[in-house]
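Contents: one structure, followed by commentary.
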Protein chains: 2
Amino acid sequence: MKSTASTSEKILDVAQSLIVAGGYNGFSYADISAAIGIRKASIHHHFPAKAELVAVLVDRYRRQAEAGLNALHEQVASPAEQLQSYLNYWQTCIRDASQPFCVCAMLAGEMQMLPDEVASRVRSHFHSLAAWLTSVLRAGAEQGLFRLNRQPEDEAQMLLASVHGAMLSARALGDPELFSTIVTTQLAKLTK
Amino acid sequence: MKSTASTSEKILDVAQSLIVAGGYNGFSYADISAAIGIRKASIHHHFPAKAELVAVLVDRYRRQAEAGLNALHEQVASPAEQLQSYLNYWQTCIRDASQPFCVCAMLAGEMQMLPDEVASRVRSHFHSLAAWLTSVLRAGAEQGLFRLNRQPEDEAQMLLASVHGAMLSARALGDPELFSTIVTTQLAKLTK
DNA sequence: CGCAACCTTCCTACTGGTAGGTAGACATTA
DNA sequence: TAATGTCTACCTACCAGTAGGAAGGTTGCG
């Protein structure tokens, strides 16, 4: 189905994989140009400025993420399974190297030198994710599935940090399985 | 005492703070030049190539870190206090914004496009840190200070990931206190 | 229908500016 | 005198972004 994707979507796809690999300053219009066989100027037609391209990209990423998480709420009943599905998603992405890092986690590292329009969107994504995790943990605690020793908000932030930190460690050590090891170890502390 | 620092050390100091802010691709020789009032060419005299500069910088950073951690082993008896001191160090750095991110954690995100000589050093740092944390956790478990429900190696990797993830979240949300909240929540699970 | 005006997309060619890096002169000091 | 450090001046390659035009499709109107 990739052949039916519009040019703008192809640009966003390539840009996203480049950002995941090297961050905001780690890619150029020339890189995208070379990857999809189009001139630099044509990319500027679709996205006049780099900051705008990335802002649109993050919007799309957030929309997809939120849709995925909401789908979990409808398809999977148990909060424990919702949480497991979220972790499995990243486990799969990292194992097959299809997307070995969260776009927003990558950009969060560069926060201080990101254009405002990008930085604010990254910040919003962190808020959304934390809110989703909080609701899952709270529901799970009420059903006696999780044993929280702090507020659901704090436990959610801790879980989120573990996931992002696990991505970083897996990448640093070049060991995709390390991600699974870490999040499993973390999960054990919640369900024990 | 900054005035007595050699030019090379000044260069490394500035480069380090620039890397912490924006990563490997987030700074240039011109940036360093402007910051310490020296010409670009003079920086090339001390560090012919950028990859070499960053490699030396990471070596220095690792040396300082290892010295600090070894000092903890000698000054502080209890593994619990050693761990707390390590976390306090970052807590302070992040709170006063003196160094709100670990150099190697920052570079780890860009692993895929780092020169080999830098990437291998970053990888080594992760190994060292994990090894130190493992030894502290193992000693603490033997003394009954920590309650581990996995191997010390796995718990150490999880703790390390939490610390790096907490740095990321604190930066993404612009809230230094979030770092403390997260690592405290994490610590509670080990000592409980 | 025919045709013109318009729109979208992509192109070549270019701009000003910055990247990392080099050559060689000059000053300071051991 | 020889080494060290800094400088000016410069290089090539690349950066994001612009100007202007060619090709093709769509729409509106006589």
Side-chain angles (χ1 to χ4, degrees), chain A residues 2-58 60 106-107 110 112-119 121, chain B residues 2-58 60 106-107 110 112-119 121:
Chain A
K2 275 238 166 171
S3 55
T4 63
S6 72
T7 302
S8 343
E9 277 172 349
K10 278 194 234 168
I11 293 170
L12 292 177
D13 289 342
V14 170
Q16 184 161 325
S17 72
L18 289 171
I19 286 177
V20 165
Y24 188 87
N25 291 316
F27 80 100
S28 71
Y29 273 43
D31 294 330
I32 303 175
S33 158
I36 66 178
I38 200 181
R39 298 294 112 179
K40 259 192 347 161
S42 308
I43 304 176
H44 278 286
H45 166 72
H46 294 279
F47 304 99
K50 192 180 183 181
E52 193 180 318
L53 190 161
V54 178
V56 171
L57 186 155
V58 173
R60 188 185 69 152
M106 193 70 198
L107 293 173
E110 305 175 285
Q112 295 180 344
M113 36 173 59
L114 245 35
D116 290 347
E117 49 198 313
V118 176
R121 285 167 166 84
Chain B
K2 276 238 168 170
S3 55
T4 64
S6 72
T7 302
S8 344
E9 275 172 349
K10 278 194 233 165
I11 292 170
L12 292 176
D13 289 343
V14 171
Q16 183 160 326
S17 73
L18 289 171
I19 286 178
V20 165
Y24 188 87
N25 291 314
F27 81 100
S28 71
Y29 273 44
D31 294 330
I32 302 175
S33 159
I36 65 179
I38 200 181
R39 298 292 116 177
K40 265 195 329 166
S42 307
I43 305 175
H44 279 286
H45 167 74
H46 295 278
F47 305 100
K50 191 181 184 182
E52 193 180 316
L53 190 161
V54 177
V56 171
L57 186 155
V58 173
R60 187 184 71 152
M106 194 68 198
L107 293 173
E110 305 174 285
Q112 296 181 346
M113 38 172 59
L114 245 35
D116 290 347
E117 49 198 313
V118 177
R121 285 167 166 85

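Worth knowing before you read on, the calculation uses all heavy atoms, side chains too, and leaves out hydrogens, waters and symmetry mates.
Between Thr7(B) atom OG1 and His45(B) atom NE2 the span is 9.0 Å, to the nearest 0.5 Å. Between Ile11(B) atom CD1 and Ser33(B) atom OG the span is 9.5 Å, to the nearest 0.5 Å. Atom CG of residue Leu57(B) and atom OG of residue Ser8(B) lie 12.0 Å apart, to the nearest 0.5 angstrom. Rounded to the nearest 0.5 Å, atoms NZ (Lys10(A)) and CD1 (Ile32(A)) are 13.5 Å apart.
The CZ atom of Phe27(B) sits 15 Å away from the C1' atom of dT18(C) (whole-angstrom rounding). In this structure, Lys10(A) atom NZ and dC10(C) atom P are separated by 8 Å, rounded to whole Å. For the pair Ile36(B) CD1 and dT6(D) P, the interatomic distance rounds to 8 Å; values are reported in whole Å. If you measure from atom CZ of Arg39(B) to atom C1' of dA27(C), you get 17 Å, rounded to the nearest angstrom. Distance, Ile11(B) CD1 to dG21(C) P: 14 Å, rounded to whole Å.
Phosphate proximity of dC14(D) to Ser28(A): absent, as no side-chain N or O sits under 4.0 Å from OP1 or OP2. The phosphate of dG5(D) has neither OP1 nor OP2 within less than 4.0 Å of any side-chain N or O from Thr7(B).
For Ala41(B), the listed nucleotide lying nearest its side chain is dA9(D); candidates were dT12(C), dT6(D), dA9(D). Distance from the side chain of His44(A) is smallest for dA16(D) among the nucleotides dA16(D), dT6(D), dT22(C). With dC15(D), dA19(C), dC7(D) as the candidates, the nucleotide lying closest to the side chain of Ile38(B) is dC7(D).
When each of Ser42(A) and Tyr29(B) is assigned the nucleotide of DNA chain C bearing its nearest heavy atom, the one mapping closer to the 5' terminus is Ser42(A).
Residue pairs satisfying the side-chain hydrogen bond (donor to acceptor under 3.5 Å, both in side chains) criterion with at least one member in residues 18-28 of chain A, sequence neighbours excluded, are listed as follows: Ser28(A)-Asp31(A).
Applying a 4.0 Å cut-off to non-hydrogen atoms, the residues of residues 45-58 of chain B that approach DNA chain D are His45(B), His46(B), listed by residue number.
Under the 3.5 Å distance criterion, the side-chain polar atoms of Tyr29(B) are matched with a main-chain donor or acceptor of Ala49(B).
Within the 4.5 Å cutoff, the side chain of Phe27(B) has no heavy atoms near those of the Gln16(B) side chain.
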